[in-house]
Amino acid sequence: KEKNHIQEWFTDHQKEISQKTPYYGIAKGKNVITVQVEAFQNFFIDKKVNGQEITPNLNKLKKESMYFNHFYHQTASGRTSDAEFLNNTSLYPLYTGAAYINYSGNTFTALPETLKDNGYETAAFHAYKPSFWNRYLMYKTIGIDTFYSLDTFKQDEKLGWSISDESMLRQSAEKMVKLKSPFYSFLITLSSHHPYNLPSNYQELDLNGYQDGTFKNYLQSVHYVDKAIGTFIEQLKKDGLWDESIVIFYGDHDSGLMKADSEIAQFGGAKGEDLTFNQMKGEVPMFIHLPGNEKAGVYQQVGGQIDISPTIMHLLGISPKGKYMMGTPLFQEDNRLVVFRTGAYTTNHVYYQPSLDGKFENGTCFDTKTKNKTTLDACKKDYKEATDQLEISDAILKGNLIKLFKKDGK
Ligand code: GP9
């Protein structure tokens with residue numbers, strides 16, 4: 001019975017996400033370069049600290065690309081690997097543990113494999129041990145042709161766990177120009193990893209007046225990574241890739257520093273655990289740059305990492321029929337729902353925060369326009385669908401159902 005319900009859900013969903021918008025196919029045949037940025041929150045975009053821009057390069061990119069200012073990470077305890085999983089498979093991460101570790105032997109209808117079927121070469125770039133988060137196995141499962149991991153990078157500029165992001169991005173771009181077009185490149189940065197310590201010669205911001213050492217380190221790291229991204233963009237332009245590719249930058253998860261009334265929360269204007277706090281904790285930047293700065297602007301609709309694969313396919317004009325993906329293209333603006341593993345969810349109008357006991361009636365409903373609490377009734381409409389989606393995703397993973405569906409020829 002459950003299998004039938006799930007199959008029906010996907011049949012309906014595939015129909016829904018097949019609906020075309022003016023964005024459908026506008027980047028047909030282009031390369032896809034996706035950069036997942038470590039612990040990158042959204043609140044510092046366009047913000048200044050002591051008169052200095054924190055992310056000058058991303059602020060510039062914002063004017064030239066589609067910038068989604070209510071885009072959320074949906075990760076759980078699998079942290080970085082969950083973000084990768086959401087992005088590449090468009091399924092939810094596990095409540096505990098990591099799908100990358102527990103289900104790397106499953107069958108998926110993932111983005112890399114889908115792009116391969118459409119003539120793309122696929123590669124992942126991450127300058128760390130291939131076994132970390134089980135990537136070396138999972139990448140094979142989802143259809144990555146080549147994984148450029150730690151050993152394939154020159155150790156020319158050590159920083160934190162690995163080489164610096166500047167070096168990693170530069171070396172990745174050098175490898176990328178040699179790929180056969182069209183290609184899908186998936187890059188994962190690392191320099192802004194907790195606890196965010198950077199050697200003093202890398203710290204450029206004057207943070208006089210701020211007290212929290214880890215928050216200060218975090219700001220310095222974010223500023224450094226922004227600089228590395230700026231250099232990377234220039235290199236893509238020089239190599240002729242910038243205008244031949246869809247280039248995406250998004251944050252993988254929050255910084256882990258968000259506590260009520262902490263200095264970071266105050267910096268973002270949050271009071272206690274209000275809506276601003278929840279949004280700050282959940283929102284990560286999401287930039288999609290199209291050749292010729294096409295469709296640049298600020299997009300207000302909510303979205304999440306689960307939507308990345310369907311969004312890329314929509315831009316490339318690749319049908320989602322037969323794909324077991326749970327997200328929706330970001331350009332389908334109506335009835336958007338972003339579900340979190342905690343049981344929280346948000347739409348373009350409300351944000352539901354569950355209580356610890358998980359009972360709907362004990363949760364809090366916020367109106368995203370007024371930012372105030374509102375009646376639970378306003379959040380009720382989406383509760384069943386949000387719960388259903390998490391259960392469907394879990395059942396898919398636990399029962400390896402995509403394998404069964406494919407065997408049934410669905
Ligand atoms: C290591 C990196 C860190 O390869 O991706 O993952 P995290 O600790 O942030 O989950």
Side-chain angles (χ1 to χ4, degrees), residues 34-42 72-89 91-104 112 123-142 144 146-153 155 157-169 171-172 175 185-198 214-215 217-222 224-225 228-229 232 248-258 264 281-286 304-306 308 340-342:
T34 303
V35 184
Q36 178 177 297
V37 190
E38 174 64 29
F40 225 63
Q41 295 192 207
N42 189 46
Y72 289 84
H73 82 82
Q74 294 166 294
T75 63
S77 53
R79 301 293 277 166
T80 296
S81 73
D82 282 352
E84 295 191 15
F85 183 71
L86 280 147
N87 162 29
N88 281 302
T89 69
L91 295 170
Y92 289 95
L94 298 171
Y95 184 68
T96 50
Y100 257 42
I101 290 174
N102 296 3
Y103 295 109
S104 64
F125 303 82
H126 181 56
Y128 202 58
K129 294 175 212 151
S131 58
F132 201 89
W133 284 129
N134 211 23
R135 286 185 175 101
Y136 74 116
L137 285 180
M138 193 59 178
Y139 285 170
K140 283 204 184 101
T141 299
I142 60 175
I144 297 281
T146 315
F147 176 18
Y148 297 94
S149 63
L150 184 65
D151 295 345
T152 67
F153 288 85
Q155 304 297 301
E157 191 189 4
K158 292 255 185 214
L159 189 64
W161 288 25
S162 177
I163 50 170
S164 70
D165 280 357
E166 229 167 329
S167 172
M168 188 283 282
L169 292 170
Q171 294 188 52
S172 300
K175 296 176 199 303
S185 287
F186 178 46
L187 292 75
I188 302 106
T189 73
L190 192 51
S191 294
S192 48
H193 196 280
H194 190 272
Y196 314 112
N197 293 328
L198 277 185
T214 318
F215 173 48
N217 289 344
Y218 180 54
L219 286 178
Q220 298 286 10
S221 292
V222 164
Y224 165 72
V225 174
I229 290 174
F232 178 65
I248 299 176
F249 296 94
Y250 70 92
D252 66 351
H253 51 69
D254 63 282
S255 59
L257 305 179
M258 287 294 295
I264 184 174
K281 197 168 173 191
E283 285 173 3
V284 289
M286 170 50 146
Q305 290 160 333
I306 206 164
I308 300 176
F340 307 100
R341 210 50 259 204
T342 55

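Both ligands and their constituent atoms are indexed starting at 1 by order of listing.
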Closest approach of Leu150 and Ala127, non-hydrogen atoms and distance? CD1-O, 3.4 Å
Would a 4.5 Å heavy-atom cut-off, applied to side chains only, mark Asp252 and Glu38 as touching? yes
Is the backbone N or O of Thr152 less than 3.5 Å from a side-chain atom of Lys175, with the two atoms forming a donor-acceptor pair by type? yes
Looking only at non-hydrogen atoms, find the nearest pair between Gln36 and Glu84 and report the distance. OE1-N, 3.3 Å
What residues sit with at least one heavy atom under 4.0 Å from ligand 1? Glu38, Arg79, Thr80, His126, Tyr128, Phe132, Trp133, Arg135, Trp161, Leu190, His193, His253
Taking every heavy atom of Leu190 against every heavy atom of Trp161, the minimum-distance pair comes out as CD2-CB, 3.8 Å
Is there side-chain contact between Phe132 and His126, with heavy atoms separated by less than 4.5 Å? no
